[in-house]
Amino acid sequence: MDIKSTTDLSWDEFDELRDPRPAGNDFDRVVEAALSRRGFLSGAVAFGSGAMVFGSGVLGSATSAQAQAAGFAFEPIGTATDFDVHVPEGYQWKPLVRWGDALFSEADGAYSPEIGVPVEMSDKVFGENTDGMELFDVDGKEIITINSEYVNPDINLPADSEGVPKNADEVTLLKNMQGVTVMEIADNGNGYEVVKDSPYNRRITHETEMTMDGPAAGSDLVKTNADPEGMSPKGTMNNCGSGRTLWGTYLTCEENFNGYFGATGEYDETDGFVRYGIGAEGRYAYEKFDERYDLSKEPNEPNRHGWVTEINPSDPESTPVKHTALGRFKHENAAMAQAADGRIVVYMGDDERGEFMYKYVSNGTWAEGQPTDGLLSDGTLFVAKFNEDQTGEWLALTPESTGMELADLLVHARIAGSKVGATTMDRPEWIAVNPLKAEAYCALTNNKNRGVKPNAGGDETPVGGPNPRETNNFGQIVRWRPENDDHGTVDFTWDLYVMAGNPEVYDNAYAGSENVTPGNMFNSPDGMIFDTKGTLWIQTDGDYSNEGEFAGQGNNQMLAGNTETGEIARFLTAPYGAEVTGLCWSLDKKVAFVGIQHPGGSWPDGEGKPRSSVIAVWREDGEAVG
């Protein structure tokens, strides 16, 4: 397959090149199998309230968005299929920052609707394909830190490149448009804007110098010709979801790092390469112009990526740190909580079909004002096992439990998870921890291979537990409650908060759970964030064809969920072609910042190239959003 055709694929389709799927199943048989195995409609899986059943019954007959209005400070909106953003009546929005907008005065006017951004200014402007984000209070200034997950070469490269880098400069251009943007924003009286030339502004790219800590740092697995000590990796890539520490730093999560590597010569196809989808052909042809990405020259370089990386937004001179104790996989986000005894807990999902959910628990404890040394480098990594009786446990990944050396099990956390019998999941994406009670949620976005084929490690993907539908194209959100309300414990109970579906097309499990109606239906929950009031905000990255089994679901969207009643209401719809991803709030909570990734058409400018952007959303009456 040529490079141009790989850049046209989604990341999931790119992974399928490494692990091809067999011919599709007859859908009627798939539905029958799912129902017979799970007894889904007879209550084998329960939904909704704290009693672990969906008890209210008030949503089952709802037929409109308006029927979902109770409990939310907005009138829910309908679906949309156009090239614009829509929000409820009484709310407004405008772009805060777009791909190519200047962070520094020297980059003013660098972006052109015809050619994009020149290479010499590509690390001085806002990055492409915004994703996870967090806002920080730094001495009263509002500093927002935002991921740029990947690039669209057809849009970002000069037209004569035809979507394929043709020299080292064009590879540098693509590298610089990814990574992380740290920038100051302020309300100038006419809404929020970027504060150009702020001392806090910086870009963190594939070329930024970093450091590593934890048990895998300095091991033979991460040593390269350029870094024989294995302590100074360069760059962070495919920065997907995010998180924030309790002490006020940013966690950026490296997801589909495998797609950046290829080979110009012979290389050893290890078990690790196979499990992580690393092969001879990279997505962006980096390996042709930079030997760091060439497996035949630097076979350990991929092991230096796929980590949770900590960035200090308050110190522009600080060096980002890759925390190897948190494990290496396709990190979606990192949700931090605290155990009852003060230990630090980080929940994480591995976003690939049939992969696992993880939890890290520190050995040390922390309280406000105490040192943070070792909190993310000295601890134990666990992987989740879900039982059919709605109980579960976190299985420790240790040399004793896996038969692997500690550095090896962290670098190859997927292999370690397989060895202890973790539950294969339907693409674990964002995890969100409820700020008001001891419970957490994970968006299992979809899995067309559920019950059809094993994962890349050969682990079976049976229908059951929190993954109750074969060939699952809609997704669900699983919720768990730790034993004794303590995030540090290994035992938990679980239920499903919602199963996405289409009740207009199906009258079976694929219609979704009781809290999914024709007025709020959606597919592929992805981003997920709690606000301080305990509302769960759900963002989607799914099929927006509005056809077939997705008929009536429109463009991707953002919804608000009440985790006590199970109610879900649509708040925002994205432009056609876009994913909604990333959400945070101004310090006064009166403005929400929402990411719009890979929009279609000419959004938001109305002409020229489509531009991934972060938008500001606010209430006209000046009250808090939501």
Side-chain angles (χ1 to χ4, degrees), residues 211-224 229-231 233 251 253-255 257-258 261 268-278 299-310 321-332 334 343-352 354-364 374-386 392-425 428 431 454-460 488 490:
T211 189
M212 304 182 88
D213 69 9
S219 75
D220 289 343
L221 291 167
V222 297
K223 293 177 179 177
T224 63
E229 300 300 317
M231 296 296 294
L251 299 176
C253 298
E254 299 171 356
E255 190 188 28
F257 63 91
N258 61 308
F261 299 94
D268 183 16
E269 187 178 59
T270 65
D271 290 343
F273 282 179
V274 172
R275 184 63 184 271
Y276 284 83
I278 297 165
N300 278 350
E301 184 65 27
N303 294 339
R304 294 149 68 88
H305 305 278
W307 304 102
V308 173
T309 299
E310 185 178 9
V321 181
K322 296 197 175 193
H323 292 300
T324 68
L326 274 64
R328 172 177 165 267
F329 42 89
K330 292 186 178 181
H331 287 275
E332 180 69 18
R343 289 176 297 162
I344 295 299
V345 176
V346 184
Y347 291 110
M348 299 165 286
D350 184 355
D351 183 10
E352 190 169 315
E355 289 299 340
F356 309 133
M357 281 171 42
Y358 297 83
K359 177 175 81 168
Y360 166 85
V361 182
S362 68
N363 288 330
L375 291 177
L376 295 180
S377 60
D378 178 22
T380 301
L381 186 66
F382 297 80
V383 68
K385 180 177 177 59
F386 289 80
E393 59 184 313
W394 294 99
L395 307 174
L397 298 178
T398 66
E400 294 74 23
S401 67
T402 64
M404 303 168 69
E405 296 293 330
L406 183 56
D408 186 28
L409 75 85
L410 292 172
V411 170
H412 299 113
R414 287 181 170 180
I415 295 174
S418 294
K419 285 181 177 291
V420 300
T423 300
T424 58
M425 305 293 282
I431 294 176
N455 68 11
D459 302 317
E460 294 301 322
V490 297

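Everything quoted here is computed from the prediction, not taken from an experiment.
For R304 and E254, the salt-bridge test fails: no basic side-chain N is under 4.0 Å from an acidic carboxylate O. Under a 4.0 Å N-O distance rule, the pair R275/D459 qualifies as a salt bridge.
Nearest heavy-atom pair across K359 and Y347 is CD-CE2, 3.4 Å. A pairwise comparison of heavy atoms in A334 and C253 identifies N-SG, 3.6 Å as the closest pair.
Rounded to the nearest 0.5 angstrom, L376 CG and S362 OG are separated by 7.5 Å. Here N455 contributes atom CG and M425 contributes atom CE; the two are 13.0 Å apart, rounded to the nearest 0.5 Å. Between atom CD of residue E393 and atom OG1 of residue T423 there is a gap of 9.0 Å, rounded to the nearest 0.5 Å. How far CG of N303 is from OG1 of T224: 10.5 Å, rounded to the nearest 0.5 Å. Atoms CG and OG, from L409 and S401 in turn, are 7.0 Å apart once rounded to the nearest 0.5 Å. We find the CD1-CZ distance between I415 and R328 to be 9.0 Å, quoted to the nearest 0.5 Å.
Using a 4.5 Å cut-off on side-chain heavy atoms (C-beta onward), P302 and N258 make no contact. Residues H331 and Y358 are not in side-chain contact: their nearest non-hydrogen atoms beyond the backbone lie 4.5 Å or more apart. Counting only heavy atoms from C-beta outward, the side chains of F356 and T424 approach each other to under 4.5 Å. Here the side chains of V308 and Y360 are not in contact, with every heavy-atom distance at 4.5 Å or above. Looking at heavy atoms from C-beta onward, M348 lies in side-chain contact with L381 at the 4.5 angstrom threshold. Within the 4.5 Å cutoff, side-chain heavy atoms of D213 are placed close to those of H323. Counting heavy atoms from C-beta on, the side chains of K330 and E355 never come closer than 4.5 Å.
T402 contributes no side-chain N or O that, together with a main-chain N or O of K419, makes up a donor-acceptor pair within less than 3.5 Å. A donor-acceptor pair under 3.5 Å is absent between the side-chain atoms of S377 and the main chain of T324, judged by distance alone. At distances below 3.5 Å, not a single donor-acceptor pair connects side-chain atoms of D350 with backbone N or O atoms of F329.
Taking the six-membered ring for Trp and thresholds of 30 and 60 degrees, F257 and Y276 have ring planes inclined between 30 and 60 degrees apart.
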